[in-house]
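Keep in mind that what you see is a predicted model, and the values were worked out from it rather than measured. The chains referred to below are lettered A, B, ... by the order of the sequence lines, with proteins before strands, and numbering in each begins at 1.
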There are 2 protein chains.
Amino acid sequence: MDHDIKEPDIPEILKSVGLRVTPQRDAILRHIIDRKGHMSADQIYRFMQGSLPNLSVSTVYNTLKSLSDAGLIREIKFGDGASLFDANREPHHHMVCTVCKELFDFYLLATPDLTQIAQQVHFHIEEYHIQVKGICDACQRRMIDVK
Amino acid sequence: MDHDIKEPDIPEILKSVGLRVTPQRDAILRHIIDRKGHMSADQIYRFMQGSLPNLSVSTVYNTLKSLSDAGLIREIKFGDGASLFDANREPHHHMVCTVCKELFDFYLLATPDLTQIAQQVHFHIEEYHIQVKGICDACQRRMIDVK
DNA sequence: TAAGTATATTATAATAACTACTATGTACTA
DNA sequence: TAGTACATAGTAGTTATTATAATATACTTA
């Protein structure tokens, strides 16, 4: 058995934040961690039809809320449509393409200094997130081709 | 007549972005510019009952979309509930208090350098917005008092 | 200045994304 | 191996928003 990539112990992660281990939570958290991307509640629900055909939509929402409250995943509200969720790994931010609506991660080398502002207004910062809107590479190329 | 504060010429602003001047658009844009804060479509709708009792909810949404597309106002999706809108003045960002849910503006002195990342991934940045979550001054005090 | 037309508005219906509710089921406790 | 606190499923309800279609109006141009 090769251990190049260490499989995360999902039940252990759930226990560590005080959540009961259920097949539904295990499967949903596993899916979010395995797939690197962003996904909506509905996408998760539809994906789970294979392995958990009795899974209820409300369980998906309840689970996403529990995982989110526990800090294991992050909810991204961006553009139109449904909230997206991703595994809360290294701090990262998001770019959304206003043409194709696709969402891209990005990582900041130098983080903006928010401490000054926070001190001025006595705001206790828990987290911050940068949303960038623009046009992705593929859509830029497409626009040039059309022109 | 004192001209200390120059009144914005709303019809002129609308024309300048190619929008027809209607009483509804005039009133809505005026309200958003006059009031400095953030407001939801529903808040605008209810406020307008006095001056435009026949105003329809869909007109509020249509108008907000037109104004937003034209870059005159900005839509803020943050936390739960409805989108908020504000006049798109100097670039600024937002802090939301996770306790009282209130939204605060803040202005960055040094803007984060996103150009490097944009160049790397060939993303054409149109705008960016920093969302900060945390606890506001008032709520921090309240928590200390209770303790 | 008065049609004409493209666009805006209204009112209502429809939709999407979620939340509330309650009966049933199950993970953990002792 | 109960007992119980919590989770799930299924359905109904809610909220915010969008679509539709008939009527009305802002702006154009003759």
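B:S40 comes within contact range of no nucleotide atom at all, as no heavy-atom separation falls under 4.0 Å. Within 4.0 Å (heavy atoms only), B:S58 reaches at least one base atom of the nucleic acid. Residue contacts for B:P23: at a heavy-atom cut-off of 4.0 Å it reaches the sugar-phosphate backbone alone, with no base atom in range. Residue A:V57 is classed as having no contact, given no heavy-atom separation below 4.0 Å to the nucleic acid. Contacts of B:D42 with the nucleic acid, taken as non-hydrogen atoms under 4.0 Å apart, are absent.
Each of B:T22 and B:G81 was assigned the nucleotide of DNA chain D with the nearest heavy atom; the assignment lying further toward the 5' end belongs to B:G81. Position along DNA chain D of the nearest nucleotide to B:L19 versus B:Y61 favours B:Y61 as the more 5'-ward residue.
Here A:S83 reaches the OP1 or OP2 of C:dC18: one of its side-chain N or O atoms lies under 4.0 Å away. For C:dA8, one of the phosphate oxygens OP1 or OP2 lies less than 4.0 angstrom from a side-chain nitrogen or oxygen of B:R25. At C:dT10, one or more side-chain N or O atoms of B:T59 fall inside 4.0 Å of OP1 or OP2 (strictly under the cut-off).
Rounding to whole angstrom units, CG of residue B:L52 and P of C:dT10 are separated by 8 Å. Atoms CZ (A:R20) and C1' (D:dC6) sit 4 Å apart, rounded to a whole Å. Counting to the nearest Å, the P atom of D:dC27 and the CG atom of B:D26 are 11 Å from each other. Rounded to whole Å, the distance from CD on A:Q24 to P on C:dG25 is 14 Å. B:K15 has its NZ atom 18 Å from the P atom of C:dT7, to the nearest Å. Straight-line distance from the CZ atom of A:F78 to the C1' atom of C:dA17: 19 Å, rounded to whole Å. In this entry the distance linking CD of A:Q43 with P of C:dA16 reads 15 Å, nearest Å. Rounded to an integer number of Å, the gap from CD of B:Q49 to P of C:dT10 is 11 Å.
A side-chain donor-acceptor contact under 3.5 Å links A:Q131 to the backbone of A:K77. Proximity of a side-chain donor or acceptor of A:S40 to a complementary backbone N or O of A:A82 within less than 3.5 Å is not detected. For A:R25 (side chain) and A:R20 (main-chain N/O), a donor-acceptor pair under 3.5 Å exists by modelled atom type.
For B:T63 against C:dA8, a side-chain-to-base donor-acceptor contact under 3.5 Å is absent.
Checked against the 6.0 Å centroid threshold, A:H31 and A:F47 count as a close aromatic pair.
With no hydrogens or angles considered, no side-chain donor-acceptor pair links A:H93 and A:H129 at under 3.5 Å.
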